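This report refers to the structure that appears directly beneath it.
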Amino acid sequence: MAAAAEVSLLQECGCKGIRTCLICERQRHRDPPWQICLQKKCCFLYCPDTGWAAGAQGSDLEGWAFPFPGVTLIQDFVTPEEEAEMVRLMDCDPWKLSQSGRRKQDYGPKVNFRKQKLKMAGFQGLPGFSQKVVQRMGLYPGLEDFQPVEQCNLDYSPERGSAIDPHLDDAWLWGERLVSLNLLSATVVSMSPEAPGSLLLCSAPSIRPDAFEDSLVAPSRSVPCQEVEVAITVPRRSLLVLTGAARHHWTHAIHRRHIKARRVCATFRELSSEFLPGGKQQELGQELLQAALSFQGRPV
């Protein structure tokens with residue numbers, strides 16, 4: 001009887017392997033086996049006005065910075081009314097339990113990234129309420145030709161201890177730009193470098209990065225890469241775009257401590273060159289894109 005009750009309770013949790021959330025941690029009366037919540041020693045804050053990451057105020061790194069390219073933050077991308085309607089429509093469909101206290105809705109092909117195989121598996125397109133959002137993306141520099149072929153909605157809750165550990169998105173199927181729409185509450189995206197070695201620092205800029213090119217010639221300080229974390233503050237209703245180094249060389253994460261209220265994130269991904277015209281899987285790519293942009297999909 002007790003075993004059956006435990007199974008019933010654990011159905012509220014979608015964690016597997018080493019991943020945990022507050023629900024399974026409390027049920028099993030144990031501390032999380034992973035230490036994602038630990039803060040790095042060298043903390044920097046991303047400044048959208050300069051495009052640099054600056055040492056946190058009051059820390060030993062205050063006044064030091066380094067350029068952090070590949071991040072675009074578009075505030076107030078949707079209106080409060082549009083936000084409320086999008087979340088209402090999301091909540092009309094079921095949310096699936098996912099890792100680390102998250103819930104999810106997937107609109108995309110079924111993919112085995114390890115074997116590099118995919119199939120349509122009932123994928124009929126992105127949801128209809130995203131059509132206006134995707135059209136609006138094309139009005140912004142750098143997104144004029146952005147054609148998403150997958151949308152993943154993630155639901156974060158402080159009651160579940162939601163988080164996502166540092167990771168790089170796949171580059172075999174997904175293309176250069178990762179685009180995320182942040183809804184219901186502000187959060188922090190935490191970036192960490194993949195490469196070993198040291199990171200060179202300069203005096204923190206106060207106006208714009210191109211006014212400080214001379215300081216890049218002779219950096220005055222370095223810090224170990226494995227101790228570095230850059231915090232990108234993402235306001236409610238804003239759009240975050242990661243490209244270049246921020247996409248391919250820096251992992252991104254959402255720490256549990258940064259989920260203060262319910263947060264819903266819709267992440268849009270485009271195809272890699274292998275699935276675009278001229279690529280060896282261009283026909284499959286065209287089929288996926290045609291389905292995606294019909295905007296007739298339901299969660300798969």
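For clarity, every value in this text was computed on a predicted model and none was experimentally measured.
Using a 4.5 Å heavy-atom cutoff, the side chains of Cys24 and Cys15 are in contact. Side-chain contact between Phe113 and Leu173 is present, with at least one heavy-atom pair separated by less than 4.5 Å. Considering only heavy atoms from C-beta on, Tyr107 comes within 4.5 Å of Asn153 through its side chain. Between Glu83 and Leu184 there is a side-chain heavy-atom pair separated by less than 4.5 Å. By the 4.5 Å heavy-atom criterion applied to side chains, Ser190 and Glu229 are counted as neighbours. In this structure, Asn182 and Arg237 have side chains that are not in contact, with every pair of non-hydrogen atoms separated by 4.5 Å or more. Side chains of Gln282 and Leu276 form no contact here, defined as non-hydrogen atoms less than 4.5 Å apart. Side-chain contact between Cys152 and Arg269: present, with at least one pair of heavy atoms (C-beta onward) separated by less than 4.5 Å.
A salt bridge links Arg19 with Asp165: at least one charged nitrogen is closer than 4.0 Å to a carboxylate oxygen. Salt bridge Arg247/Asp169: absent, no basic N to carboxylate O contact under 4.0 Å. Taking 4.0 Å as the cut-off between side-chain N and carboxylate O, Glu25 and Arg256 count as a salt-bridged pair.
Of the inter-residue distances, the one linking Ser272 atom OG with Glu274 atom CD reads 5.5 Å to the nearest 0.5 angstrom. The distance from atom CD1 of Ile232 to atom CG of Leu240, rounded to the nearest 0.5 Å, is 5.5 Å. Remark: Thr187 OG1 to His255 NE2 distance equals 10.0 Å, nearest 0.5 Å. Taken to the nearest 0.5 Å, the OH atom of Tyr156 stands 6.0 Å off from the SG atom of Cys265. In this structure, CZ on Arg257 lies 11.0 Å from CD1 on Ile259, to the nearest 0.5 angstrom. Taking CD from Glu270 and CD from Glu176, the interatomic distance works out to 7.5 Å, rounded to the nearest 0.5 Å.
Residues satisfying the side chain to side chain contact (heavy atoms under 4.5 Å, CB included) criterion with Pro69, sequence neighbours excluded, are absent altogether. By the side chain to side chain donor-acceptor pair (under 3.5 Å) test, Asp76 is found to be paired with no residue, residues two or more places apart in sequence or in another chain being considered. Scanning for side chain to side chain contact (heavy atoms under 4.5 Å, CB included) contacts around Asp145 gives Arg177, with sequence neighbours left out. When the side chain to side chain donor-acceptor pair (under 3.5 Å) test is applied to Thr243, no partner is found at least two apart in sequence or on another chain. With sequence neighbours excluded, the residues forming a salt bridge (Lys or Arg N to Asp or Glu O under 4.0 Å) with Arg136 are Glu82, listed by chain and number. Partners of Asp91 under the salt bridge (Lys or Arg N to Asp or Glu O under 4.0 Å) rule, at least two apart in sequence or in another chain, are Arg262. Listed by chain and residue number, nothing satisfies the salt bridge (Lys or Arg N to Asp or Glu O under 4.0 Å) test with Glu194 (two or more places apart in sequence, or in another chain). Taking Arg88 as the reference, Glu85 meet the salt bridge (Lys or Arg N to Asp or Glu O under 4.0 Å) condition, with sequence neighbours excluded. In this structure, the ring-ring contact (aromatic ring centres under 6.0 Å, His included) partners of Phe44, at least two apart in sequence or on a different chain, are Phe66.
Note: the hydrophobic cluster containing Val188 does not contain Ile164 (ILVMFWY, side chain heavy atoms under 4.5 Å, direct or indirect links). Cluster annotation: Leu178 and Val111 are assigned to distinct hydrophobic clusters (Ile/Leu/Val/Met/Phe/Trp/Tyr, side-chain heavy-atom contacts under 4.5 Å, transitive). In the hydrophobic clustering of this structure, Val134 groups with Val87; members are Ile, Leu, Val, Met, Phe, Trp, Tyr whose side-chain heavy atoms approach within less than 4.5 Å, directly or through other members. When hydrophobic clusters are built by joining Ile, Leu, Val, Met, Phe, Trp and Tyr residues whose side-chain heavy atoms come closer than 4.5 Å, directly or via intermediates, Leu183 is not grouped with Leu154. When hydrophobic clusters are built by joining Ile, Leu, Val, Met, Phe, Trp and Tyr residues whose side-chain heavy atoms come closer than 4.5 Å, directly or via intermediates, Met90 is not grouped with Leu97.
Screening residues 108-128 for side-chain hydrogen bond (donor to acceptor under 3.5 Å, both in side chains), with sequence neighbours left out, gives no hits. Annotation: ring pair (Phe, Tyr, Trp, His ring centres under 6.0 Å) contacts involving residues 273-300, sequence neighbours excluded, comprise Trp172-Phe275. Counting only residues at least two apart or on different chains, no salt bridge (charged side-chain N to carboxylate O under 4.0 Å, His left out) pair has a member in residues 279-292.
Considering all non-hydrogen atoms of both residues, Gly108 and Glu150 come closest at CA-CG, 3.8 Å. Taking all atoms of both residues into account, the shortest heavy-atom contact from Lys16 to Gln99 is N-OE1, 2.6 Å. Heavy atoms only, all atoms of each residue included: Leu73 and Ser238 are closest at CD1-OG, 4.0 Å. Of all non-hydrogen atoms in Leu200 and Ser222, the two that sit nearest each other are CD2-CB, 3.9 Å. In terms of heavy atoms, Leu22 sits closest to Pro158 at CD1-O, 3.4 Å. Scanning both residues, Cys225 and Pro196, for their nearest heavy atoms gives SG-O, 3.8 Å.
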Starting from the C-alpha separation in whole Å, work towards a yes-or-no answer on salt bridge (Lys or Arg N to Asp or Glu O under 4.0 Å) for Arg221 and Asp60.
-> CA-CA 12 Å; Arg221 184 174 176 180; Asp60 179 55; 2.4 Å; yes

Using the side-chain contact (heavy atoms from CB on, under 4.5 Å) rule, take Val71 and Tyr46 through it: C-alpha gap first, then chi angles, then the decisive distance, then the call.
-> CA-CA 9 Å; Val71 177; Tyr46 176 74; 3.7 Å; yes

Report the C-alpha separation of Met86 and Leu181 in whole Å, then their side-chain angles, then the decisive distance to 0.1 Å, and conclude whether the side-chain contact (heavy atoms from CB on, under 4.5 Å) test is met.
-> CA-CA 11 Å; Met86 287 184 68; Leu181 179 60; 3.8 Å; yes

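For the pairing with Asp155, the side chain to side chain donor-acceptor pair (under 3.5 Å) check across Lys104, Arg102, Arg160 returns one residue only, Arg160.
Applying the 6.0 Å contact sphere to CD of Gln135 captures more than 12 heavy atoms from other residues, nucleotides or ligands.
Between Tyr140 and Phe77, the distance separating the two ring centers is shorter than 6.0 angstrom.
Thr267 and Gln151 are not linked by any side-chain donor-acceptor pair at a separation below 3.5 angstrom, with hydrogens and angles left out of the test.
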